[in-house]
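Input: a single structure, listed below in structure tokens.
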Amino acid sequence: MGRHRKVVIASDGIDRREKGYYSTPEFVAHFLSSKCLEIAPNARRVLDPCAGKEELLPLFIKKGISTDTFDIIDHGIHGATRFEQADFLKFYASTFAEMPLFASARHSDHDIIIANPPYNCHEVDYIRRNKLWLGSVFAEVGVHNMYSMFMYALIRMAKPGCVIGLIVSDSFLSHTAHAPLREYLIKNCSVELIALCPTDLFKSQKADVRTCIVVLRKEGTQGAVEVLNRPKSEADFRNAIARQSFERLSLSEILLQSKDDANEFIIGCPSDIRLLFSCDRIGTKFKCVTGISTGNDKRFLSKVPTSDHSVPFYKNPAGRRFFCPPDAFLPNNFLEIEKKERTFMVRNKSLLMQSGVSCSSMGVAFGACRLPENATFGVNANIICDDNDAWWLLGYLNSYLVGYLVRGVMLRTNMITSGYVSRIPLISISPSAKEEIGEIAKIAYKSKMSHGHEEAIEDINSIIYDEEEISLDSQLMLEVFSREMLKRV
Ligand SMILES: C[S@@+](CC[C@H](N)C(=O)[O-])C[C@H]1O[C@@H](n2cnc3c(N)ncnc32)[C@H](O)[C@@H]1O
């Protein structure tokens with residue numbers, strides 16, 4: 001079935017998806033502009049590179065601070081600003097980039113840069129149309145999203161001391177693709193504030209984006225970071241802002257920086273759980289791999305075993321736990337097919353047919369099922385190990401703790417690759433606890449049921465909490481997180 005392009009027309013006739021126009025709620029704009037001014041009280045010049053209807057600027061204008069703005073659309077609202085109708089990324093490339101189209105300046109003269117860059121717009125089209133120059137101008141961080149290119153450009157052009165206040169998609173906090181952007185950000189700025197916004201912040205404008213507020217200071221001295229975990233609703237967010245209920249944490253308390261990490265920001269993670277990231281990771285002890293992509297499941301897979309399709313194929317346990325039957329059966333001659341069909345790919349051949357644990361790749365909840373011997377697997381993450389480890393790992397991977405580590409800390413978007421699974425902390429756990437967890441997992445598996453294992457999971461949770469001395473507060477948080485997650489399945 002073809003994908004239909006969604007069009008969201010605002011009351012002023014603008015296609016929001018096309019142009020990425022979403023209006024920042026007044027209380028958020030006020031909070032962000034006040035925070036920037038609190039850090040740079042003597043600011044004289046402010047830039048908003050994608051100003052829309054100047055929603056972020058009233059406080060600056062009221063204080064008589066000079067404001068410069070850009071937007072690809074002229075919304076006709078220009079308070080007292082100097083407005084230029086232009087593509088800001090092109091302006092940046094021609095004025096400030098390392099390899100500028102026509103170089104002229106190194107830094108902008110603004111004391112504050114404030115922005116809610118476009119997202120949800122047709123970045124795929126935009127990137128395709130402008131691929132050549134975007135590729136060279138944004139080589140350092142990659143050409144992934146409009147908002148990430150805006151972020152990089154703004155940090156790069158800001159003068160030392162400039163305060164940068166942004167409302168951006170929260171995917172940059174932990175997504176692998178944005179590792180270079182995070183590295184650039186941390187190298188060049190102090191992080192002053194990170195607040196996760198409630199998911200309903202732009203819902204009334206039909207935008208289903210998970211956003212956060214970030215305040216940075218170019219070449220600033222890193223002190224405590226003000227941090228706010230995601231409030232449940234806009235009302236809670238207003239309250240949190242009004243009461244200034246931010247935690248003050250050191251940067252190292254909110255950043256994953258070991259050799260296995262890529263500077264992921266972990267917001268709202270209790271300290272006893274954060275400490276688990278100093279353990280070894282699953283990938284240091286076990287092979288964590290993907291397998292076969294057929295390129296055309298309909299053509300190559302059979303739902304039932306037949307004489308010429310008899311190779312069990314596991315491709316994504318999704319919401320199933322402990323046990324799942326094969327998702328399909330591969331042709332017996334699949335290795336021959338690979339040689340003839342360009343899009344039929346068999347990775348990690350030597351690990352196929354070995355036993356282990358198969359993890360979900362898509363779906364809201366993270367879960368794992370046993371991968372039996374003599375089976376194959378798809379592009380989901382699979383941990384290859386013998387029975388000694390497989391049973392307890394199966395139990396561990398289905399615990400609330402791992403569900404939270406994967407969905408709440410390491411990854412905020414949907415696809416869980418083998419790279420992510422290999423970075424799950426491998427908690428140090430006593431042999432007797434391993435055995436107990438393994439027994440529970442084995443009984444759940446032998447029931448041949450894929451759902452309804454709440455009691456088993458609770459038993460596993462208790463063993464893990466005791467072993468790792470997880471505080472009652474954290475246990476409660478894990479429970480609430482898991483229940484919320486399950487509601488979304
Ligand atoms: C999320 S809206 C923010 C509007 C307003 N600043 C606010 O915070 O409410 C993003 C704005 O970026 C503009 N925009 C999209 N692509 C742009 C580009 N390449 N250069 C400058 N502005 C752009 C859109 O027209 C839209 O007004």
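Starting from 1, each residue takes its place in the sequence as its number. Since this is a predicted model, take the numbers as computed values, not measurements. Both ligands and their constituent atoms are indexed starting at 1 by order of listing.
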Examine the side chains of Ser358 and Asn382 and answer whether a donor and an acceptor come within less than 3.5 Å of each other. yes
So for Asn116 against ligand 1, with non-hydrogen atoms under 4.0 Å, the contacting part is both
Tell me whether ligand 1 is touched by Phe91 - counting only heavy atoms on the residue side and a distance under 4.0 Å. no
Just which atoms of ligand 1 are under 4.0 Å from any heavy atom in Ala86? 20 (N), 21 (C)
I'd like to know whether ligand 1 has Ala115 as a neighbour, heavy-atom separation below 4.0 Å. no
Just let me know how Ala29 lines up against ligand 1, side chain, backbone, both or neither, with a heavy-atom cut-off below 4.0 Å. neither
Quick one: which ligand 1 atoms are inside 4.0 Å of a heavy atom on Asp48? 6 (N)
Salt-bridge criterion met for Glu226 and Lys35 (N-O under 4.0 Å): yes
What about Cys50: any of its N or O atoms under 3.5 Å from an N or O on ligand 1? yes
Please determine if Phe88 has a nitrogen or oxygen closer than 3.5 Å to a nitrogen or oxygen of ligand 1. yes
Which of the ligand 1 atoms, numbered from 1, are nearer than 4.0 Å to a heavy atom of Pro49: 21 (C), 22 (N)
Expected output: side-chain Asp71 to main-chain Gly52 donor-acceptor under 3.5 Å: yes
Can you find an N or O of Asp87 that's nearer than 3.5 Å to an N or O of ligand 1? yes
Is it the case that the side chains of Ser23 and Glu55 hold a donor-acceptor pair, with the cut-off being a distance below 3.5 Å and no angle test? yes
Mind checking whether Asp71 has an N or O less than 3.5 Å away from an N or O of ligand 1? yes
Under a heavy-atom criterion of less than 4.0 Å, does His75 contact ligand 1? yes
Would you say the side-chain atoms of Asn398 and His453 include a donor-acceptor pair closer than 3.5 Å? no
Are Tyr152 and Glu140 linked by a side-chain donor-acceptor pair shorter than 3.5 Å? yes
For Ser23, atoms of ligand 1 separated by under 4.0 Å from a heavy atom: 9 (O)
Under 4.0 Å between heavy atoms, the region of Ile167 that gets near ligand 1 turns out to be neither
Taking distance alone, with N or O pairs closer than 3.5 Å, would you say Tyr21 contacts ligand 1? no
Is any side-chain N of the basic residue among Arg82 and Asp68 closer than 4.0 Å to the acidic one's carboxylate O? yes
Residues 261-273 side chain polar contacts: donor-acceptor under 3.5 Å, at least two apart:
from   : atom 1 : to     : atom 2 : distance (Å)
Asp261 : OD1    : Arg281 : NH1    : 2.9
Asp261 : OD1    : Arg281 : NH2    : 3.3
Asp261 : OD1    : Arg423 : NH2    : 3.2
Asp261 : OD2    : Ser258 : N      : 3.2
Asp261 : OD2    : Ser258 : OG     : 2.8
Asp261 : OD2    : Arg281 : NH2    : 3.0
Asn263 : OD1    : Gln257 : NE2    : 3.3
Glu264 : OE1    : Ala262 : N      : 2.9
Glu264 : OE1    : Arg423 : NH2    : 3.3
Glu264 : OE2    : Arg423 : NH1    : 3.1
Glu264 : OE2    : Arg423 : NH2    : 2.6
Asp272 : OD1    : Ser474 : OG     : 2.7
Asp272 : OD2    : Ser471 : N      : 2.8
Asp272 : OD2    : Ser471 : OG     : 3.1
Asp272 : OD2    : Ser474 : OG     : 3.1

Should you measure from each heavy atom of Glu55, which atoms of ligand 1 turn up under 4.0 Å away? 5 (C), 7 (C), 9 (O)
So does Ser233 get a backbone contact from the side chain of Asp200, meaning a donor-acceptor N/O pair under 3.5 Å? no
Give a yes-or-no answer on whether the side chains of Arg210 and Ser171 include a donor-acceptor pair shorter than 3.5 Å. no
Under a heavy-atom criterion of less than 4.0 Å, does Tyr22 contact ligand 1? yes
With backbone taken as N, CA, C and O and side chain as the heavy atoms from C-beta onward, which portion of Tyr92 lies under 4.0 Å from ligand 1: side chain, backbone, both, or neither? neither
ring-ring contact (aromatic ring centres under 6.0 Å, His included): pairs with one or both residues in residues 244-263, sequence neighbours excluded: Phe31-Phe246
Taking Lys218 for the side chain and Ile155 for the main chain, is one N or O donor matched with an acceptor at less than 3.5 Å? yes
Quick one: does Pro117 get an N or O within less than 3.5 Å of an N or O on ligand 1? no
